Asks: 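Dumping the structure here so I can ask a few things about it.
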Amino acid sequence: MKSLPYFCRGEVVRGFGRGSKELGIPTANFPDSVVDNLPADISTGIYYGWACVGNGDVYKMVMSIGWNPYYKNTKKSMETHVIHEFKEDFYGQILRVVMVGYIRPERTFDSLEALIVAINGDIEEAKLKLELPEHHKLKEDNFFISAASSSAVPSTTPSTSETIVNGH
Ligand code: ADP
Ligand code: MG
């Protein structure tokens, strides 16, 4: 896929309550505006990459891009599971992600247990792949750094020249 790595951001919206949180695998949904901007060569399936909520830290993630049954499978959905335990929900916050690589196509499962086993396998694969040095570079990308620095308060007032160099 020539569009990878693919960077995008959007507000976390409510999904259709398919109970992913009950499975222990909550997925943060992007709004249609983000989904509609996906390049044509990004196919449905499971991806791995990096994610950041608001101005928080950057964590590993797995994302499912699939056909949305709510729209009679005419519209895609993008659902991100951030591999981190959050204390609270983050609906309404800005989620930034970079999709780094593809794990597998979408498929159906005979049972909930089989689905959970597959997702946990995806999470393990994402964790391993993202350890590669070339993928770690994307974690440090300015796309994420600018999110954090915009709210950071410097411990000392920078000199004028530093202000000009860093100030934007
Ligand atoms: P919905 O159907 O509204 O998407 P989910 O059961 O999939 O409901 O839960 C998703 C929500 O859970 C996210 O929008 C977010 O606010 C919250 N959440 C908490 N922890 C995580 C996490 N590690 N990854 C993704 N979402 C999380
Ligand atoms: Mg969800």
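By convention here, the first residue in the shown sequence is residue 1. Nothing here was measured: the structure is a model prediction, and the numbers come from that model. The basis for the numbers below is simple: all heavy atoms, side chains too, and nothing from hydrogens, waters or symmetry mates. Both counts, for ligands and for their atoms, begin at 1 and track the order of listing.
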Asks: Answer with side chain, backbone, both or neither: which part of F90 has a heavy atom less than 4.0 angstrom from an atom of ligand 1?
Replies: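 Under 4.0 Å from ligand 1, F90 contributes backbone and side-chain atoms.
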Asks: Nearest non-hydrogen atom to atom 5 (P) of ligand 1 belongs to which of S20, A28, G24?
Replies: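 Among S20, A28, G24, the closest heavy atom to atom 5 (P) of ligand 1 belongs to S20.
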Asks: Would you check whether E88 has a nitrogen or oxygen atom less than 3.5 angstrom from a nitrogen or oxygen atom of ligand 1?
Replies: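 N/O-N/O distance under 3.5 Å: no.
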Asks: Please state which part of T80 comes within less than 4.0 Å of ligand 1, counting heavy atoms only: side chain, backbone, both or neither.
Replies: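 Under 4.0 Å from ligand 1, T80 contributes backbone atoms alone.
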Asks: With heavy-atom distances below 4.0 Å as the criterion, list the atoms of ligand 1 near V12.
Replies: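 Heavy-atom distances to V12 below 4.0 Å select 14 (O).
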Asks: Looking at E131 and K127, is any side-chain nitrogen of the basic one under 4.0 Å from a carboxylate oxygen of the acidic one?
Replies: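 Result for this pair is no, no salt bridge flagged.
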Asks: Taking the minimum heavy-atom distance to atom 20 (N) of ligand 1, which of F86, F30, Y91, Y59 ranks first?
Replies: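 Shortest heavy-atom distance from atom 20 (N) of ligand 1: F86.
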Asks: How wide is the angle at the Mg ion (ligand 2) between OD1 of N29 and OG1 of T27, to the nearest 10°?
Replies: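 Vertex the Mg ion (ligand 2), arms to OD1 of N29 and OG1 of T27: 110°.
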Asks: Taking NZ, NE, NH1 and NH2 as the nitrogens, is one of them in K75 or D36 under 4.0 Å from a carboxylate oxygen of the other?
Replies: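 Salt bridge flag = yes for D36 with K75.
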Asks: Under 4.0 Å, heavy-atom basis, I'd like to know which part of H84 is in contact with ligand 1: side chain, backbone, both or neither.
Replies: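 The backbone, only.
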Asks: For ligand 1, indicate whether the residue N29 contacts it via side chain, backbone, both or neither (heavy-atom separation under 4.0 Å).
Replies: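 Within the 4.0 Å criterion, N29 contacts ligand 1 through side-chain atoms alone.
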Asks: In Å and rounded to the nearest 0.5 Å, what is the CD1 to CD1 distance from I123 to I25?
Replies: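 Going from the CD1 atom of I123 to the CD1 atom of I25 covers 5.5 Å.
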Asks: Please determine if R96 forms a cation-pi arrangement with F143, meaning its NZ or CZ atom is less than 6.0 Å from the six-membered ring centre and no more than 45° off the ring axis.
Replies: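 Cation-pi check for R96 and F143: passes.
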Asks: What's the separation between atom CD1 in I42 and atom CG in L4, rounded to the nearest 0.5 Å?
Replies: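 So the CD1 of I42 and the CG of L4 are separated by 4.0 Å.
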Asks: What are the atoms of ligand 1, with element, lying closer than 4.0 Å to any heavy atom of R14?
Replies: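 Result: 3 (O).
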Asks: With atoms numbered from 1 as shown, which atoms in ligand 1 lie under 4.0 angstrom from a non-hydrogen atom of G15?
Replies: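 Per the distance check, 1 (P), 2 (O), 3 (O), 4 (O).
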Asks: Does ligand 1 have a heavy atom under 4.0 Å from the side chain of V82, from its backbone, from both, or from neither?
Replies: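 The part of V82 near ligand 1 is both the backbone and the side chain.
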Asks: Would you say the side-chain atoms of D41 pair up with the backbone N or O of K2, donor to acceptor, closer than 3.5 Å?
Replies: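 Yes; judged by distance alone, with no hydrogens or angles, the pair exists.
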Asks: Below 2.8 Å, any N, O or S contact between S20 and the Mg ion (ligand 2)?
Replies: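 Checking S20: none of its N, O or S atoms is under 2.8 Å.
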Asks: Using a strict 4.0 Å cut-off to heavy atoms of F16, name the atoms of ligand 1 that fall inside it.
Replies: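 It comes down to these atoms of ligand 1: 2 (O).
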Asks: Is any side-chain heavy atom of I46 less than 4.5 Å from a side-chain heavy atom of M63?
Replies: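 No, their side chains stay 4.5 Å or more apart.
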Asks: Is the side chain of W50 donor-acceptor paired with the backbone N or O of H135 at a distance under 3.5 Å, no angle test?
Replies: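 Between the backbone of H135 and the side chain of W50 there is a qualifying donor-acceptor contact (under 3.5 Å).
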Asks: Provide the closest heavy-atom pair for T27 versus E79 in the form atom of the first, atom of the second, distance.
Replies: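 T27 and E79 have their closest heavy atoms at OG1-OE1, 2.6 Å.
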